[in-house]
Amino acid sequence: MNEGWSNELLRLGLWLIGGLIVGTVFGHALWGLLLSSLVYLGQLLYKLRRIVRWLRKGAVGAPPNVGGIAEYIGELVYQRQRRNLKRRRRLADMVSSFRDSMANIPDGLVLMDEQRKISWFNNAAREYLGLKYPTDIDQRIDNLVRQPAFTDYILSADHTRTIEVHSPMSSASHQEMRVLPFGESQQLLIVRDASLLHRLQKIRSDFVINASHELRTPLTVMRGYMEIVE
């Protein structure tokens, strides 16, 4: 048995013994026992009432110093409250650290709910998609990014593929986009700058065309010589 209950039972026993002794002295042992029980019960209810008032006010600060089991209950609530507060602070610090880390990722990240409403986005998404904080929070992503290819993709049920969107007004003129499930009821839009890859593909294509042209000329000349020899 914990200390709170032990002390309360001891206090109850002392009240009953005291009432019994006083009642015996006056020749009414049962009345003395009943009176001491009522006095003890009244004090206990008064202490519990103070604890309840403290709880209704949000249990701010230490519980009232009422003694007995009532104060013990208040202490338990207070300790649990402080532990929960520490957990919430740790969780808030973790969330803040996570958001700070995500904010500096070069890929654009947009967190959306089931209705495609924006919950959060990082700095890269703000730059690539032209999003504005906080006015675009709780806005549907398909109402803000007016690209037909993106609209068709975001409204479709198949998000297993990636799409490429040309956005000449953005610092990333060519963007690779994909939507991934995030948690139970959220989605994460990932936007990557594909401009460099697109330029490299164009350079490779131009090189192949130019090389083919340069090789075609000497081959034509050689074919002409061979026809003359024949």
Side-chain angles (χ1 to χ4, degrees), residues 1-105 109-123 132-141 180-189:
M1 186 177 296
N2 56 56
E3 183 179 355
W5 282 108
S6 300
N7 292 339
E8 193 62 36
L9 290 176
L10 178 60
R11 186 176 290 103
L12 173 60
L14 293 176
W15 271 99
L16 293 178
I17 294 173
L20 183 62
I21 293 174
V22 173
T24 302
V25 170
F26 288 95
H28 299 284
L30 292 179
W31 281 106
L33 190 61
L34 178 61
L35 182 60
S36 63
S37 298
L38 292 176
V39 172
Y40 168 80
L41 181 59
Q43 288 185 342
L44 181 60
L45 292 176
Y46 171 75
K47 295 175 181 179
L48 290 175
R49 181 172 176 271
R50 292 188 61 185
I51 293 295
V52 170
R53 289 178 59 187
W54 172 71
L55 292 173
R56 286 180 176 175
K57 291 180 180 180
V60 179
N65 185 16
V66 294
I69 191 62
E71 184 175 350
Y72 177 73
I73 294 174
E75 286 290 344
L76 289 179
V77 173
Y78 182 62
Q79 292 173 7
R80 178 63 60 86
Q81 184 185 43
R82 293 189 64 181
R83 286 196 296 268
N84 291 338
L85 180 60
K86 290 181 179 179
R87 292 194 187 101
R88 287 196 297 268
R89 287 176 177 172
R90 285 199 298 267
L91 180 59
D93 291 341
M94 292 174 60
V95 171
S96 178
S97 177
F98 172 78
R99 289 192 171 184
D100 290 342
S101 300
M102 293 299 102
N104 297 320
I105 286 182
L109 303 177
V110 181
L111 189 61
M112 307 173 293
D113 62 11
E114 292 178 323
Q115 287 75 39
R116 299 180 297 281
K117 291 183 178 180
I118 299 175
S119 303
W120 172 84
F121 54 86
N122 67 349
N123 295 330
K132 298 178 181 178
Y133 181 87
T135 55
D136 290 341
I137 297 296
D138 290 331
Q139 300 294 321
R140 284 179 48 172
I141 185 70
L180 299 175
F182 190 87
E184 296 182 357
S185 59
Q186 292 181 311
Q187 294 176 318
L188 182 66
L189 170 65

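Please read these numbers as outputs of a predicted model, since none were measured by experiment.
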Side-chain heavy-atom pair Leu189, Ile118 within 4.5 angstrom cut-off: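 Of all side-chain heavy-atom pairs linking Ile118 with Leu189, none is under 4.5 Å.
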Residues which pass side chain to side chain contact (heavy atoms under 4.5 Å, CB included) with [X], listed by chain and number, not counting sequence neighbours:
X	answer
Asp138	none
Tyr133	Phe121, Arg126, Ile137
Ile105	Met102, Asp107, Leu109, Asn122
Glu114	Ser185

Residue pairs, two or more places apart or on separate chains, that pass side-chain hydrogen bond (donor to acceptor under 3.5 Å, both in side chains) and touch residues 49-58: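 Every pair satisfying side-chain hydrogen bond (donor to acceptor under 3.5 Å, both in side chains) with a residue in residues 49-58: there are none.
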Mind checking the [atom1]-[atom2] spacing from [X] to [Y]? Nearest 0.5 Å is all I need.
X	Y	atom1	atom2	value
Gln139	Lys117	CD	NZ	8.5 Å
Leu44	Ile69	CG	CD1	9.0 Å
Lys47	Asn65	NZ	CG	9.5 Å
Leu188	Ser119	CG	OG	10.5 Å

Shortest non-hydrogen contact from Asp113 toward Gln187: O-OE1, 4.2 Å
Salt bridge (charged side-chain N to carboxylate O under 4.0 Å, His left out) partners of Arg140, counting only residues at least two apart: Asp142
Ignoring hydrogens and angles, write down the donor-acceptor pairs under 3.5 Å from the side chains of residues 76-85, residues two or more places apart or on other chains.
unit_1 : atom_1 : unit_2 : atom_2 : d
Gln81  : NE2    : Gly58  : O      : 3.2
Gln81  : NE2    : Ala59  : O      : 3.3
Asn84  : OD1    : Arg87  : NH1    : 2.9
Asn84  : ND2    : Arg80  : O      : 3.3

Other residues, nucleotides, ligands: >12 heavy atoms within 6.0 Å of Leu30 CG: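 Counting other residues, nucleotides and ligands, CG of Leu30 stays at 12 neighbours or fewer.
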Residue pairs fulfilling salt bridge (Lys or Arg N to Asp or Glu O under 4.0 Å) with at least one residue in residues 33-44, sequence neighbours excluded: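 Pairs touching residues 33-44 that pass the test: none.
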Show the atom names and distances, to 0.1 Å, of all donor-acceptor pairs under 3.5 Å that link a side chain in residues 11-28 to residues at least two apart or in another chain.
unit_1 : atom_1 : unit_2 : atom_2 : d
Arg11  : NH1    : Glu8   : OE1    : 3.2
Thr24  : OG1    : Leu20  : O      : 2.6

